[in-house]
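First up is the structure itself, then whatever we jot down about it.
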Amino acid sequence: MPELPEVETMCRGIAHLAGLRIASAHFPRGTVRPIRVEPSAGAVAKRLAGRTIVGVGRFGKRVAIELAPRGRAGPEWLVIEPRMTGLMLVADPPTTGHVRMEITFDRARAPRLLFWDRRGLGTIRLLDRRGLDAACGETVLGPDGLVITTAALRDRLGRSRRAVKVALLDQRAVAGIGNIYAAEILHAAGVDPRAACRRLSAECWERIAAAGREILADAVRLEGSTIGDETYQTADRRPGRYQTRHRVYGRAGQPCGGCGQPITRLVQAQRSTFYCGGCQWRPRRRYRSV
DNA sequence: CATATGTCCTGAGAGC
DNA sequence: TGCTCTCAGGACATAT
C-alpha cells in the first residue's frame, strides 16, 4: 500500500515523538509468523531500550527513525519498510493480532509507537551510518519523487528499452513512486504507460517530471490514498483523502475525465496498469529530440 | 478462483 | 558470440 505520500504522512504523524526516550521495544510473536527484524528482534529490543529519538525521516518508501548516540555507539537508524500493508501508528491498532513492534516511552502520557502489518511482508532494521547508506543510499534509491527533475529522469531512464510505467516503479530511477501514482502521473503527463523509455522526447520527460512532483505533493497534502480494503490510515487512524482525486487508478471501464473514453486496465510486469487510450500518447517511432 | 498499494531472487530470452 | 538488459514467475502472507 504505502507509496511516497502514504509513507511521508506516516513520518509526519510520528515526528512529534522526537525528543522522547524509549523505555522498551517489543516484537510480538502472536499466532502469525514474525516479520523480518535485523539483526534480530532480541538484539534490536536491547539496543533500543534507553535511546532517545532524534527525529523521523523518509527514504523513498521507508521510514527512518534516528536514535541519539549512546556510549561508544554512534547514531543509529531504525529503518522500517511497510511494503504492502504496514502502518506506523500512535493509536490503537485495527487488529491486535498484527502488531509487529511496540515501543513505549519513559514519559507519562506519551503514546505507544506501533508498527502494524496485516500481511507481514514489512521489515525492520536497526542500522549504523554505513548500514543506512547501504540500505537507503544513492546506489539503491534514486532522487526523491517530490523533487524529481527532467534531467534526472532522462539520465537514468532515457536509454532504457523498458515500458515507461514499469521503469517509474524502479526505485533506483526515482524513489517513492508505486503502482497507484505511476498510473496517475502518466495520465497527467499524457504519456502511454506502454511507451518505451528510449522513444520518449525531452518534452515527455519534462511533463512526467512536472506531473510527478505535483501529484506526489498534492497526495502528501491530502495524506495519501486509502483504497480497497481501507488498510492504509494515518498514524492517528484517519483515512487519506487523495483517492478522491484518482483519475485512472482502479477506474477501468469508467469514462476518462479528460476525453470521456473508457479507462483501460492491462497487466505490465504482473501488475495492473490503468490508463486512458484517448489522452495518453504513445510514440510509434524513435522520437527525434528537439 | 482472482485480486491486492512492495520487494527480492532466479532463470530464460531478446537484442545490441 | 558475449554481455547486458528485461521480464516472467515465484516467494513472502493475509484478506476480500
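By convention in this document, chain letters (A, B, ...) are assigned in the order of the sequence lines, proteins followed by strands, and residues within each chain are numbered from 1.
- L121(A) has its CG atom 15 Å from the C1' atom of dC9(B), to the nearest Å.
- By the 4.5 Å heavy-atom criterion applied to side chains, R238(A) and E223(A) are counted as neighbours.
- In this structure, R162(A) places its CZ atom 10 Å from P of dC5(C), rounding to the nearest Å.
- A gap of 13 Å separates the P atoms of dG10(C) and dC1(B), to the nearest Å.
- Relative orientation of the Y181(A) and Y242(A) rings is tilted, given thresholds of 30° and 60° on the angle between their planes.
- S160(A) comes within 4.0 angstrom of the backbone, heavy atoms only, and of no base.
- Counting any heavy atom pair closer than 4.0 Å across all strands shown, E81(A) reaches sugar-phosphate atoms only and no base atom.
- Along DNA chain C, the nucleotide nearest G120(A) and the nucleotide nearest Q268(A) are compared for position; the residue whose nucleotide lies closer to the 5' end is Q268(A).
- Rounded to whole Å, atom P of dT5(B) lies 5 Å from atom CZ of R271(A).
- Among the nucleotides dA8(C), dT7(B), dT14(C), the one closest to the side chain of R119(A) is dT14(C).
- Taking atom P on both nucleotides, dA8(C) is separated from dT3(B) by 15 Å, rounded to a whole Å.
- Between dA4(B), dT5(B), dT14(C), one nucleotide has an atom nearer to the side chain of R118(A) than all others, and that is dT14(C).
- Base-pair partner of dT5(B): not found among the strands shown (Watson-Crick or G-U wobble, both distances under 3.5 Å).
- A donor-acceptor pair shorter than 3.5 Å cannot be found between the side chains of R265(A) and T273(A).
- Phosphate proximity of dT5(B) to Y249(A): present, with a side-chain N or O under 4.0 Å from OP1 or OP2.
- Remark: side-chain polar atoms of Q280(A) are paired, donor with acceptor, to backbone N or O of L186(A) under 3.5 angstrom.
- Within a 6.0 Å radius of CZ in R172(A), other residues, nucleotides and ligands contribute 12 heavy atoms or fewer.
- Separation of the P atoms belonging to dA2(B) and dG9(C) is 13 Å when rounded to the nearest angstrom.
- The CD atom of E38(A) sits 13 Å away from the C1' atom of dT7(B) (whole-angstrom rounding).
- A163(A) comes within contact range of the sugar-phosphate backbone alone, with a heavy-atom separation under 4.0 Å but no base atom that close.
- Distance Q270(A) CD to dC8(B) P: 16 Å, rounded to the nearest Å.
- One can place CZ of R172(A) at 9 Å from P of dC8(B), the figure rounded to the nearest angstrom.
- Under 3.5 Å, the side chains of T52(A) and R21(A) contain no donor-acceptor pair of N or O atoms.
- Rounded to whole Å, atom P of dT6(C) lies 14 Å from atom CG of L169(A).
- Distance F59(A) CZ to dG6(B) C1': 19 Å, rounded to the nearest Å.
- Listed pair K61(A) / dT7(B) meets the phosphate criterion, a side-chain N or O lying under 4.0 Å from OP1 or OP2.
- Nearest-nucleotide positions on DNA chain B place R265(A) closer to the 5' end than the other of R62(A) and R265(A).
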